[in-house]
Amino acid sequence: MHEKDSQAERYVKIDNNLAQHGELSLTAIGLSTHIQSLPTGADVSIKALAQRFTEGEARIASALRELEAHGYLPRTRERLPSGRSSPVRCRTTSRSPSA
């Protein structure tokens, strides 16, 4: 589940650090931009994103791992009282994680 950073509803503002990142693939940068455009609560699972785009699940999963590794997509999973895991929660940011 996606949690939206506070921004205006009709546009996405992308920090140059993300847009011009030298180690992220174009797929990762584009995917981050798309996720940030979605409303809070949107399904941003690998399966949901693969249904929306022509990239397959493996490529989308790789892009999400890139974003996570560089600090642009913190993802958490919590253990429910039942012992099962909760859906992954993520909060995207276009701001440089080091800023």
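Source: prediction; values computed, not measured.
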Exercise. From Arg59 CZ over to Leu64 CG, what is the distance, rounded to the nearest 0.5 angstrom?
Worked result: 12.5 Å

For this session: Please report the closest heavy-atom contact between Leu49 and Val44, naming both atoms and the distance.
Result: CD1-O, 3.5 Å

Problem set entry | Thr27 side chain to Glu55 side chain, donor-acceptor N/O pair below 3.5 angstrom | no

Problem set entry | Minimal non-hydrogen separation, Gly56 against Ala50, with atom names | C-CB, 4.4 Å

Exercise. Are His34 and Phe53 side-chain neighbours, meaning at least one heavy-atom pair lies under 4.5 Å?
Worked result: yes

For this session: Give, for atom CG of Asp43 and atom CG of Leu38, the distance between the pair rounded to the nearest 0.5 Å.
Result: 9.5 Å

For this session: Nearest 0.5 Å please: distance from the NE2 atom of His21 over to the CG atom of Leu26.
Result: 14.0 Å

For this session: Could you walk me through whether Ile29 and Leu67 pass side-chain contact (heavy atoms from CB on, under 4.5 Å), step by step?
Result: CA-CA 8 Å; Ile29 294 168; Leu67 292 167; 6.0 Å; no

Seminar exercise, completed: Here the gap from Leu24 atom CG to Ser32 atom OG, rounded to the nearest 0.5 Å, amounts to 8.5 Å

Seminar exercise, completed: Taken in chain and number order and not counting sequence neighbours, the residues that satisfy salt bridge (charged side-chain N to carboxylate O under 4.0 Å, His left out) with Glu57 are Lys47

Problem set entry | side chain to side chain donor-acceptor pair (under 3.5 Å) against Thr33, all qualifying residues, sequence neighbours excluded | none

Problem set entry | Any donor-acceptor N/O pair, His70 side chain to Tyr72 backbone, under 3.5 Å | no

Seminar exercise, completed: Residue set satisfying side chain to side chain donor-acceptor pair (under 3.5 Å) with Ser62, at least two apart, ordered chain then number -> none

Exercise. Does the side chain of Leu18 reach to within under 4.5 Å of the side chain of Gln36, using non-hydrogen atoms?
Worked result: yes

